[in-house]
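The sequence lines fix the lettering, A, B, ..., with proteins before strands; numbering per chain opens at 1. Everything numeric in this text was worked out from a predicted model, so none of it was measured.
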Amino acid sequence: MKKIVFPLLITVLILVTACTKNNSKPLQVDSFAMGTIISLKIYGENSQKTANEVIEKIKYLEKLFTINAPGGDINKLNENAGKGYVKLNPETIATIKEALKKSVISNGAFDITVGSIVKLWEIGTEKARIPSENEINKLLGLVNYRNVHIDEKNNCASLEKTGQIIDLGGYAKGYAGEAAKEICKKNGISSACLNLGGNVIAIGNRPDKNPWNIGIQNPRAKTGNYIGIVKVSDKAVATSGDYQRCFEKNGKIFHHIMDPKTGKPAKSDLMSVTIVASSAADTDGLSTGTFVLGFDKGRNFIKQYGKAEAIFITTNKKIYVTEGLKKSFIFKDESEEFEYIEKG
Amino acid sequence: MKVKNSNILKKGDVILIFSILILAGIIFIWKAYFVEKFDVGEKIAVIMHDGKNIERVNLNNLNNPVFIKIKDYNIVIIAEKGRIRFLQSDCPDKICLKSGYLTKCGDKAVCVPSRTQVVISGKDDDEIDSLSF
């Protein structure tokens, strides 16, 4: 009998001492890419391998999509605007295609051809300035997602007009988030929380089997202060707000989310909007578009879309959530400046 | 007929099994509650630049401020007793300066243009797992 008892007890002891540790400590990796900080929290076996692969993938996509450094597919497409089709990486084609879908459903409130306007204002750089109406009007004719053409069979794309510039800034993190999720799945990761510059991809549940707690930034407080928590499992969460990249001139604040119709920072009655959906590719892009649309139109847009939920924070400091988030959103405003109106 | 006793647990075996199970239970509870929950330790600020940890400062032990300088964008970080912040930066967006003081474990401030991050490490007892901003 002792032959069985001893190995059995030793196994019990090993399991008890090993299990608690593995579950409670994730691998945490921070890295800079896509003009933002990438923070990965991954539990379980293969976490280091997964983190390496995710970072490598994001940096690879950054090289394809960037317009802030030479080279890459989007630069190639922009440089050839008005000159016909250009052969591109299939991933670039897939990203443009998905981004265009968001432009179509938001009726142009989100538009990847807003690049020339973004470059004109240069918000978030040392050269940020207020351009003249004349300068804006000259470029507005170049903003039109319908001028982007894709030949999927041959992995080619074209921009109809000379000078048109695609900027994937409002969409690339969403696409990268989906790619990161795929890497996690492939490596058998069932619990991870990936943060791509504020775009959160929650994979599975926390190791204690509870949903992930994602804080929603208080748009009028320093980074890290949140106005509430949304509890999610297997969901992506993205926020667009007027507080991130902005600059002040003559006492006025100009934020970085451009309205493709006016060529100016969107005059939204929202401080921020958070989108919660199953796919990161849905959240990024939709959050920008919804912010531009403003509260009333944005709320209808999300309702019609049907595959996403939202948290709206209006400029008069009222918070609304859509039906599907009522149970999973916890209002927690330490600043006591905001009011939670349940009906979204 | 004589019944063989060899396959039945003896009194000593039962005592041994129970004692080790009790010991395992004690270790489990000790690890789950005491080690994990009270493993707060010291408040260490970790400064990361270009993907590498360049400085670790124990904020509990500071009597005089410590200045950490980074060439990119002339960044200066000030560490004081119990807190740390970006003090100066010539970066374009100044988001790092707006982050203010970091005081709790898990607090983080980032300067994307200079690829610099300051985080207070230690037991992450925050009630959120991540932040959407």
Under 3.5 Å, is there a donor-acceptor pair between the side chain of A:Lys222 and the main chain of B:Tyr101? yes
Region of A:Val237 that comes under 4.5 Å of a non-hydrogen atom in chain B: both
Partners meeting salt bridge (Lys or Arg N to Asp or Glu O under 4.0 Å) with A:Lys332 (sequence neighbours left out): B:Glu127
Between atom CD of B:Gln117 and atom OG of A:Ser31, what is the distance when rounded to the nearest 0.5 Å? 10.0 Å
Compare every heavy atom of A:Arg206 with every heavy atom of B:Asp129, then report the nearest pair and how far apart it is. OD1-NH1, 2.7 Å
Calculate, to the nearest 0.5 Å, the distance between atoms NZ and CD belonging to B:Lys94 and A:Glu248 respectively. 12.5 Å
At their closest point, which heavy atom of A:Gly35 faces which heavy atom of B:Val112, and how far apart are they? O-CG1, 3.1 Å
Heavy-atom pairs under 4.5 Å with chain A, option from B:Gly51, B:Gly100, B:Ser99 with the top count: B:Ser99
Highest number of heavy-atom pairs under 4.5 Å with chain B among A:Ile123, A:Val200, A:Val230 belongs to A:Val200
Could you report the tightest heavy-atom contact between A:Cys246 and B:Lys98, atom names first, then the distance? SG-NZ, 4.2 Å
From A:Asn213 CG over to B:Leu131 CG, what is the distance, rounded to the nearest 0.5 angstrom? 12.5 Å
Heavy-atom contact with chain B under 4.5 Å, split by part of A:Asn218: neither
Identify which of A:Ser287, A:Gly197, A:Ala221, A:Ala238 forms the greatest number of heavy-atom pairs closer than 4.5 Å to chain B. A:Gly197
Considering only heavy atoms, which portion of B:Cys96 lies under 4.5 Å from any heavy atom of chain A: side chain, backbone, both, or neither? neither
Would you check if there is a donor-acceptor pair between the side chains of A:Thr223 and B:Lys108 at a distance under 3.5 Å? no
CD1 of B:Ile95 to CZ of A:Arg245, rounded to nearest 0.5 Å, is 7.5 Å
Give the member of B:Asp50, B:Leu102, B:Thr116 that has the highest number of heavy-atom pairs under 4.5 Å with chain A. B:Thr116
Under the ring-ring contact (aromatic ring centres under 6.0 Å, His included) definition, can you give me all pairs with a residue in residues 198-248 of chain A, not counting sequence neighbours? A:Phe247-A:Phe254
Just verifying a value: how many Å separate A:Asn195 CG and B:Phe133 CZ, rounded to the nearest 0.5 Å? 5.5 Å
Any side-chain heavy atom of B:His49 sitting closer than 4.5 Å to one from A:Phe32? no
If you take all heavy atoms of A:Ile37 and B:Val110, which pair is closest and at what distance? CD1-CG2, 3.9 Å
Counting heavy atoms not belonging to A:Glu56, are there more than 12 under 6.0 Å from its CD? no
Taking atom types as modelled, find out whether A:Thr239 and B:Ser132 have a side-chain donor-acceptor pair closer than 3.5 angstrom. yes
Under 4.5 Å from a heavy atom of chain B, the part of A:Ile229 involved: side chain
